Amino acid sequence: MRGPLRLATTLTQQWERALLFRQLATLRADAPIAADVDALRWTGPRAAFATWSERLGPPSLHERAASLATTRAAEQRPFTSP
């Protein structure tokens, strides 16, 4: 490792920030969500996405997103337990 003394010094000086960034970067598996997991599944672009994609993205972005949604819907199979 190059510069271990400098790294240790910086970490010591910025300890509180290091802990904050570690907390911000940690994915929480116990966070409550207000929706059923199936309700969070992406089912395709919303109506407002067409306007957004015309203004900020390539013209075909909305069509590509809609096509992807159709493909994914066709590929989805209901889960059955063994």
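Numbers here are sequence positions counted from 1. Just so we're clear, the structure is a prediction, and the values are computed from it rather than from any experiment.
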Subject >> All side chain to side chain donor-acceptor pair (under 3.5 Å) counterparts of Arg2, not counting sequence neighbours >> reply: none
Subject >> Pairs touching residues 12-27 that satisfy salt bridge (charged side-chain N to carboxylate O under 4.0 Å, His left out), sequence neighbours left out >> reply: none
Subject >> For Trp42 against Gly44, the heavy-atom pair lying closest together >> reply: NE1-O, 3.3 Å
Only pairs under 3.5 Å count here: list side-chain donor-acceptor contacts from residues 64-71, not counting sequence neighbours, and write none if there are none.
unit_1: Thr70; atom_1: OG1; unit_2: Ala66; atom_2: O; d: 3.0
unit_1: Thr71; atom_1: OG1; unit_2: Ser67; atom_2: O; d: 3.0

Original post:
Atom NE2 of His62 and atom OG1 of Thr51: how far apart are they, to the nearest 0.5 Å?
Top reply: 8.5 Å
Original post:
What pairs meet the salt bridge (charged side-chain N to carboxylate O under 4.0 Å, His left out) rule with one or both residues in residues 29-51, with sequence neighbours excluded?
Top reply: Arg28-Asp30, Asp38-Arg41
Subject >> Separation of Trp52 CH2 from Leu61 CG (nearest 0.5 Å) >> reply: 6.0 Å
Subject >> Residue list, side chain to side chain contact (heavy atoms under 4.5 Å, CB included) with Ala35, at least two apart or on another chain >> reply: Ala39, Leu40
Subject >> Apart from Leu20 itself, residues in the same hydrophobic cluster as defined by side-chain heavy atoms under 4.5 Å >> reply: Phe21, Leu24
